[in-house]
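Shown next, in C-alpha cells, is the structure this report addresses.
Each residue takes its place number in the sequence, starting with 1. Note that ligands are numbered from 1 as they come in the structure, with each ligand's atoms numbered from 1 the same way.
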Amino acid sequence: MRYLILSDLHSNMTALDTVLKAAEGRWDKAVCLGDLVGYGPDPNEVVDRVRELSTATIRGNHDKAVSGVADAEEFNPIARAAVLWTRERLRPENLEYLQKLPKGPQSVDGFSIVHGAVFDEDEYVFSPALALDGLLASPTPVTFFGHTHLQGGFSLRGEQPDVLHFRPAAGQPFSTLTIEPGTTYLLNPGSIGQARDGDVRAGFAIADLEKQTVEFWRIPYDVEAVQQRMTQAGLPEPLILRLSFGR
Ligand SMILES: [Fe+2]
C-alpha cells in the first residue's frame, strides 16, 4: 500500500492542486497530519479537497484555533488575524469537520501520525533531544509528524538519535529514504502550503512501507497566484511575503 503523506496545507489550494497532480497514480491512500487551514486564502477549497480524498486526518493547532477547539491566544497577532479571517469564511459544515478532527497520535496501517510531538500534539520537534521521547515511545517503527514545516526528521538506532535531511538531486523531484530494520523514525513530509526551510516548493511524502521506502518530494507551484489571492483577501502582508522566501 502506497500512502500519500500530506501536512500543513494552510489553505493553499494552488500548492495542494500541484502536489496532487505530481503524485497522481503514485499512491493508494492518503493521510493528513493537520493544519489544513490558517495563513492562506483558500480554506474551504482545501478542506473540501481533503474531505474528498477520504484521508485519515488529524487536527493541527490552526484547525483547533479556527474551529474554536482551542483559543488563539497563544498565536502571534499575525497568525491570529489569519485565524479570525479563516473562521469568518469557512462554511459551517467545514468548521464542524475541523472541530471533529481527532487528536494525534493515531495508528494507520502499521505506522503512526501526529501533528507535533508524540506526547504533545502542539509541541515543535526541532531537535534530536526533542525527538527522543517520541522515538523511544512510538508504538510503530515509523511515525510521521508535521507542525515545524521542515522536511526531514530523526532516526534512532540503539541509543543514537540522528538528524535526517532530504534534498532531491538536481532534476529529481524526490529523494528516497530506505527504512532500515531495527531503526525507529520520526519523519516530516514538509509543508504543502507554507515551506519554512528556505525552499519555496511544496513538500510532501509518499511511503511504501512494504517496500521499506519513503519518498520526500519537493514540487514548485505558482506562488504568485496565491500571493495575489491573499492580497485581494486582505490577509496580513508578512504572511504574503514569506511565501517568496520559504521562511
Ligand atoms: Fe502548520
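- Counting heavy atoms from C-beta on, the side chains of L187 and F216 come closer than 4.5 Å.
- If you look at D8 and ask which of its N, O or S atoms sits nearest the Fe ion (ligand 1), the answer is OD1.
- Screening R59, K64, K103 against D122 for a salt bridge (charged side-chain N to carboxylate O under 4.0 Å, His left out) leaves a single residue, K64.
- Within the 4.5 Å cutoff, side-chain heavy atoms of P189 are placed close to those of L33.
- Of all the N, O or S atoms in D35, the one closest to the Fe ion (ligand 1) is OD2.
- Take the N/O/S atoms of H149: the one nearest the Fe ion (ligand 1) is NE2.
- Here H147 does not reach the Fe ion (ligand 1): none of its N/O/S atoms is less than 2.8 Å from the metal.
- Taking the six-membered ring for Trp and thresholds of 30 and 60 degrees, H10 and H149 have ring planes inclined between 30 and 60 degrees apart.
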